[in-house]
Amino acid sequence: SKQLAWMLHSAVVGGIVAPLTMLGGPLLVRAAWYTAGVVGGLSALAMCAPSEKFLNMGGPLAIGLGVVFVSSLGSMFLPPTTSLGAGLYSISIYGGLVLFSMFLLYDTQKVIKRAENHPVYSAQKFDPINACMGIYMDTINIFIRIATILAGGGGRRK
């Protein structure tokens, strides 16, 4: 049953990410490299940081998630040509990128703490796959936002 749930989850995430293929291969490869750099750097930072430094960010991250969620809903109804719509879109994209980067720090330290504090002779073994689902979803969200930013032509190079 666990494998079936994992397959269903993977299918749903694949269905959500699949429309990004319309952006083109080179852009998605660049977004994947940028995502790998961001995730690798932030994961290394979270692993090397003093213990529990980022574990105290749970409350502010939840508030930030609410703000990004509401701005995403608002940007669906307001056109990005208006100043309010453009502001909500920017909060959704750029704020979401910062928010999920902070979630990556939080989730990485949470997994490390769970692994260190799990009893050795427990009835249930430590499950690193279930523990890392948050990190996986943070990575997907960071990739989607980086691809969206790159597709928007943020640099406007000529």
Side-chain angles (χ1 to χ4, degrees), residues 1-46 49 52-114 129-158:
S1 65
K2 184 176 180 179
Q3 281 80 13
L4 289 175
W6 176 73
M7 285 177 15
L8 177 67
H9 179 265
S10 297
V12 169
V13 169
I16 290 171
V17 175
L20 287 177
T21 59
M22 300 300 286
L23 296 176
L27 186 129
L28 290 182
V29 169
R30 193 167 13 137
W33 278 110
Y34 290 170
T35 303
V38 168
V39 170
L42 290 176
S43 294
L45 177 69
E52 302 180 14
K53 174 146 180 84
F54 299 114
L55 287 178
N56 300 325
M57 297 188 319
L61 287 176
I63 292 170
L65 185 62
V67 170
V68 169
F69 179 72
V70 168
S71 67
S72 295
L73 286 178
S75 66
M76 287 187 330
F77 297 109
L78 295 171
T81 55
T82 64
S83 61
L84 184 59
L88 288 176
Y89 179 78
S90 294
I91 289 172
S92 175
I93 296 297
Y94 295 104
L97 180 61
V98 170
L99 177 77
F100 287 112
S101 297
M102 298 302 286
F103 261 119
L104 183 67
L105 294 170
Y106 173 77
D107 288 337
T108 302
Q109 280 206 337
K110 189 169 71 170
V111 168
I112 291 170
K113 183 168 177 65
R114 277 190 197 165
I129 303 299
N130 281 347
C132 292
M133 284 304 289
I135 295 172
Y136 171 68
M137 291 309 299
D138 296 336
T139 304
I140 294 292
N141 280 302
I142 289 171
F143 172 73
I144 289 171
R145 280 168 171 73
I146 288 176
T148 305
I149 290 169
L150 291 176
R156 303 255 191 297
R157 286 181 250 158
K158 291 186 178 184

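Predicted model only: the values in this text are computed from it and were never measured.
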[atom1]/[X] to [atom2]/[Y] distance, rounded to the nearest 0.5 angstrom?
| X | Y | atom1 | atom2 | answer |
| --- | --- | --- | --- | --- |
| Ile93 | Ile144 | CD1 | CD1 | 9.5 Å |
| Ser101 | Ile146 | OG | CD1 | 7.0 Å |
| Leu150 | Leu27 | CG | CG | 5.0 Å |
| Thr148 | Leu20 | OG1 | CG | 6.0 Å |
| Leu97 | Phe143 | CG | CZ | 13.0 Å |
| Leu55 | Thr108 | CG | OG1 | 10.0 Å |

Evaluation steps, side chain to side chain contact (heavy atoms under 4.5 Å, CB included), between Met137 and Val13: CA-CA 9 Å; Met137 291 309 299; Val13 169; 4.1 Å; yes
Is a side-chain N or O of Ser92 found less than 3.5 angstrom from the main chain of Leu88, in a donor-acceptor match?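 Side chain of Ser92 to backbone of Leu88, a donor-acceptor pair under 3.5 Å: no, none is there.
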Taking the side chain from Ser75 and the backbone from Ser72, do they hold a donor-acceptor pair closer than 3.5 Å? yes
Stepwise side chain to side chain contact (heavy atoms under 4.5 Å, CB included) check, Phe103 with Asn141: CA-CA 10 Å; Phe103 261 119; Asn141 280 302; over 6 Å; no
Excluding sequence neighbours, so at least two apart, what forms side-chain hydrogen bond (donor to acceptor under 3.5 Å, both in side chains) with Ser71?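 Ser71 satisfies side-chain hydrogen bond (donor to acceptor under 3.5 Å, both in side chains) with no other residue.
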Is there a side-chain contact between Leu99 and Phe69 (heavy atoms, below 4.5 Å)? no
Are the side chains of Arg30 and Trp33 in touch, meaning some heavy atoms are under 4.5 Å apart?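 Arg30 does not reach Trp33 side chain to side chain.
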Sequence neighbours excluded - salt bridge (charged side-chain N to carboxylate O under 4.0 Å, His left out) pairs with any residue from residues 82-109: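 Non-adjacent pairs meeting salt bridge (charged side-chain N to carboxylate O under 4.0 Å, His left out): Asp107-Lys110.
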Given Leu65 and Phe100, is the side chain to side chain contact (heavy atoms under 4.5 Å, CB included) satisfied, shown in steps? CA-CA 9 Å; Leu65 185 62; Phe100 287 112; 4.1 Å; yes
Should Phe54 and Leu61 be marked as a side chain to side chain contact (heavy atoms under 4.5 Å, CB included) after you check the CA-CA gap, both sets of side-chain angles, and the distance that decides it? CA-CA 11 Å; Phe54 299 114; Leu61 287 176; over 6 Å; no
